[in-house]
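Worth knowing before you read on, the calculation uses all heavy atoms, side chains too, and leaves out hydrogens, waters and symmetry mates. A quick note: this is a predicted structure, and the numbers were derived from the prediction, not measured.
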Amino acid sequence: MNIDTARARLRPVSAMDIDDLVHLDSDPEVMRFVSGGTPTPRTVIEDWVLPRAESERRRYGTGTWVLCDPATGAFLGWASLRTPRHSRRPELELSYRIRRTVWGRGLATEAAFALMAFAFDHLATERVFASTVAGNTPSRRVMEKLGMTLSGIHVGDETDDSGMTPHPLHLGPDRYEVEYQILLAEWQRRSLRWSSAGDLTA
């Protein structure tokens with residue numbers, strides 16, 4: 001289904017978007033906190049990213065939505081809701097990626113807010129969470145504007161000279177991940193104050 005916000009339209013991703021997805025992931029600045037700036041190969045998008053999104057949509061009603069300019073249809077980025085494979089609780093992972101030319105306009109916040117509303121109001125989820133590397137301040141700011149709060153810190157498999165997992169404070173901000181979340185009860189409380197996605201600014 002399509003989802004309209006104050007300034008954009010979200011529609012399910014399809015094969016017609018492959019060129020735009022490849023172009024988006026070819027921008028080193030866009031990919032800085034995703035892959036260290038390395039572009040995503042076209043074959044990965046064709047053979048894994050798109051089929052996975054389509055499978056999510058068929059099975060759960062989730063997946064990836066392309067963010068478009070409602071007047072011109074221009075590709076602005078994407079936002080997604082994904083069902084964790086190994087989770088037993090009703091929760092969804094939120095992600096988003098926006099073209100650098102439209103950074104700073106609040107579009108990531110607007111799109112993410114719309115998908116959170118869809119998740120809580122139509123998909124009966126109890127928790128929405130999102131992750132990024134600790135140094136990705138713009139993405140963390142989006143999560144905080146959405147009312148999400150820090151819920152976890154993930155160091156991964158890195159060890160120090162003694163073989164112990166180092167404390168995050170001893171690592172650089174690009175070497176560990178942070179997870180944010182919002183629960184259904186908090187969403188419902190905040191929704192009383194939020195009348196629309198257009199009320200949020202970045």
Side-chain angles (χ1 to χ4, degrees), residues 1-14 16-21 23-25 27 29-31 33-34 49-50 53-54 56-57 60-83 91-132 136-150 179-202:
M1 65 175 288
N2 294 338
I3 302 173
D4 291 324
T5 72
R7 297 176 296 163
R9 164 162 290 185
L10 286 83
R11 59 167 177 77
V13 68
S14 70
M16 65 181 284
D17 301 307
I18 289 176
D19 286 344
D20 286 322
L21 295 171
H23 185 263
L24 176 68
D25 283 12
D27 186 331
E29 285 300 306
V30 171
M31 300 300 288
F33 294 110
V34 180
V49 173
L50 188 61
E54 292 176 339
E56 279 272 334
R57 183 168 67 249
Y60 307 111
T62 54
T64 300
W65 284 259
V66 167
L67 183 64
C68 301
D69 184 309
T72 65
F75 176 92
L76 303 175
W78 57 259
S80 75
L81 291 171
R82 187 179 69 85
T83 304
E91 62 180 1
L92 293 169
E93 181 177 12
L94 172 71
S95 303
Y96 39 83
R97 193 169 301 164
I98 305 296
R99 288 180 57 188
R100 181 154 51 109
T101 55
V102 294
W103 283 1
R105 301 183 187 179
L107 290 170
T109 308
E110 191 170 312
F113 182 91
L115 288 193
M116 281 175 45
F118 180 65
F120 284 119
D121 298 343
H122 299 283
L123 299 178
T125 193
E126 295 180 2
R127 175 180 183 257
V128 174
F129 68 96
S131 301
T132 188
N136 190 352
T137 301
S139 188
R140 295 181 68 171
R141 187 177 299 120
V142 169
M143 297 172 195
E144 290 163 0
K145 286 178 179 291
L146 293 168
M148 305 178 92
T149 55
L150 185 65
E179 179 182 290
Y180 283 73
Q181 70 173 13
I182 185 168
L183 304 179
L184 175 60
E186 177 65 12
W187 168 262
Q188 291 172 333
R189 186 181 70 81
R190 288 178 173 269
S191 293
L192 296 176
R193 304 199 315 265
W194 292 338
S195 60
S196 71
D199 294 334
L200 297 175
T201 58

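Taken from CZ in R127 to CG in L92, the straight-line distance is 10.5 Å, to the nearest 0.5 Å. Here CZ of R11 is found 4.0 Å from CG of D17. Values are rounded to the nearest 0.5 Å. Between atom CG of residue D121 and atom CG of residue L184 there is a gap of 9.0 Å, rounded to the nearest 0.5 Å. Taken from CZ in R9 to CG in N2, the straight-line distance is 5.0 Å, to the nearest 0.5 Å. The distance from the CZ atom of F113 to the NZ atom of K145 is 13.0 Å, given to the nearest 0.5 Å. Note: L123 CG to L81 CG = 7.0 Å, rounded to the nearest 0.5 Å.
Each of P12, S14, S80 was scored for a side chain to side chain contact (heavy atoms under 4.5 Å, CB included) with T64, with one residue passing: S80.
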Should I182 and R190 be marked as a side-chain contact (heavy atoms from CB on, under 4.5 Å) after you check the CA-CA gap, both sets of side-chain angles, and the distance that decides it? CA-CA 10 Å; I182 185 168; R190 288 178 173 269; 4.3 Å; yes
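Smallest separation of non-hydrogen atoms from V128 and M116: CG1-CG, 4.1 Å. Annotation for L76 and I98: closest pair O-CG2, 3.5 Å, computed over non-hydrogen atoms. When every heavy atom of A130 is checked against every heavy atom of M143, the shortest pair comes out as CB-CE, 3.8 Å. Scanning both residues, A112 and L146, for their nearest heavy atoms gives CB-CD1, 3.6 Å. Heavy-atom minimum distance, R100 versus D27: NE-OD2, 2.9 Å. Scanning all heavy atoms of the two residues, the minimum distance from T125 to A119 falls at CG2-O, 3.3 Å.
No donor-acceptor distance shorter than 3.5 angstrom exists from the side chain of R97 to the backbone of V34, with no hydrogens or angles considered. In terms of modelled atom types and a separation under 3.5 Å, the side chain of E110 and the main chain of T5 share no donor-acceptor contact. A donor-acceptor contact shorter than 3.5 Å links the side chain of W65 to the backbone of M1.
Looking at E186 and R189, a side-chain N of the basic residue comes within less than 4.0 Å of a carboxylate O on the acidic one, giving a salt bridge.
By the 4.5 Å heavy-atom criterion applied to side chains, L10 and F118 are not counted as neighbours. Using a 4.5 Å cut-off on side-chain heavy atoms (C-beta onward), W103 and E29 make contact. Counting only heavy atoms from C-beta outward, the side chains of W78 and L67 never approach each other to under 4.5 Å. Side-chain contact check for E126 versus L183: every heavy-atom pair is 4.5 Å or farther apart. In this structure the side chain of F75 reaches within 4.5 angstrom of the side chain of V66, judged on heavy atoms. V13 has its side chain within reach of L21: a pair of non-hydrogen atoms, C-beta onward, lies under 4.5 Å apart. For the pair S95/R82, no side-chain contact is recorded, criterion being any heavy-atom separation below 4.5 Å from C-beta on.
A donor-acceptor pair shorter than 3.5 Å cannot be found between the side chains of Y96 and T109.
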